[in-house]
Student: 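Take this structure first; my questions come after.
The shown structure was predicted, so the numbers you read here are calculated from the model rather than taken from an experiment.
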Amino acid sequence: MVGLLCAPEIAMFGYTADEITGKSLSLLVPKDRQHELRQKLATAMGGQTTKIETVRLHKDGTPIDVSSMAAAIVTDGRVSAISVTMEDI
């Protein structure tokens, strides 16, 4: 679920903060790459940081080449959230 996007990410994907907040990250992932998202999040839940170059989708469906990193946020020794950052490449 998208909790917070910074201004450059909002502009890159074409959504307003209100449109994307609370939605699944899968909204930004092409159907043929959904496995990447599941795998990356599972790895991050295990405490490992992952970084890949991949493709994500603009609101209008245009593919965007991105560098994507996922890392666990640990609170009291437990994974409480996953931080995912993306930048246009």
Student: Kindly determine whether Ser68 and Lys51 satisfy side-chain contact (heavy atoms from CB on, under 4.5 Å), including the steps that lead there.
Tutor: CA-CA 6 Å; Ser68 178; Lys51 185 170 183 176; over 6 Å; no

Student: For the CD atom on Glu19, are there more than 12 heavy atoms of other groups (residues, nucleotides or ligands in this structure) within a distance under 6.0 Å?
Tutor: yes

Student: What's the verdict on side-chain contact (heavy atoms from CB on, under 4.5 Å) for Ile64 and Met12, showing C-alpha distance, side-chain angles and the deciding distance?
Tutor: CA-CA 8 Å; Ile64 304 167; Met12 180 170 58; 4.1 Å; yes

Student: Determine whether Met69 and Val84 make a side-chain contact, defined as any pair of heavy atoms from C-beta on separated by less than 4.5 Å.
Tutor: no

Student: Between Leu28 and Leu37, does a side-chain contact (heavy atoms from CB on, under 4.5 Å) hold up when you go through it step by step?
Tutor: CA-CA 10 Å; Leu28 304 174; Leu37 177 62; over 6 Å; no

Student: Any side-chain heavy atom of Val79 sitting closer than 4.5 Å to one from Ile73?
Tutor: no

Student: Rounded at 0.5 Å granularity, tell me how far OG1 in Thr49 sits from NZ in Lys40.
Tutor: 11.5 Å

Student: Using 0.5 Å steps for rounding, measure from the CG atom of Asp88 to the CZ atom of Arg56.
Tutor: 13.0 Å

Student: Can you confirm whether Val74 sits close enough to Ser80 that some side-chain heavy atom of one is under 4.5 Å from a side-chain heavy atom of the other?
Tutor: no

Student: With hydrophobic residues grouped by side-chain heavy-atom distances under 4.5 Å, do Leu27 and Leu41 end up in a single group?
Tutor: yes

Student: So which heavy atom on Ile82 is nearest to which on Ala70, and how close?
Tutor: CG2-CB, 4.2 Å

Student: Hey, does Arg33 have a side-chain heavy atom less than 4.5 Å from the side chain of Val55?
Tutor: yes

Student: If only side-chain N and O atoms count, and only distance matters, is there a donor-acceptor pair under 3.5 Å linking Asp60 with Thr62?
Tutor: yes

Student: Heavy atoms, side chains only, cut-off 4.5 Å: are Val66 and Glu87 in contact?
Tutor: no

Student: Please check if any side-chain donor atom of Thr54 sits under 3.5 Å from a side-chain acceptor atom of Glu36, or the reverse.
Tutor: yes

Student: Looking at side-chain heavy atoms only, is the closest gap between Met86 and Phe13 below 4.5 Å?
Tutor: yes

Student: For Lys59, does the NZ atom have more than 12 heavy-atom neighbours from other residues, nucleotides or ligands under 6.0 Å away?
Tutor: yes

Student: Using a 3.5 Å distance criterion without hydrogens, assess whether the side chain of Ser26 forms a donor-acceptor pair with backbone atoms of Val29.
Tutor: no

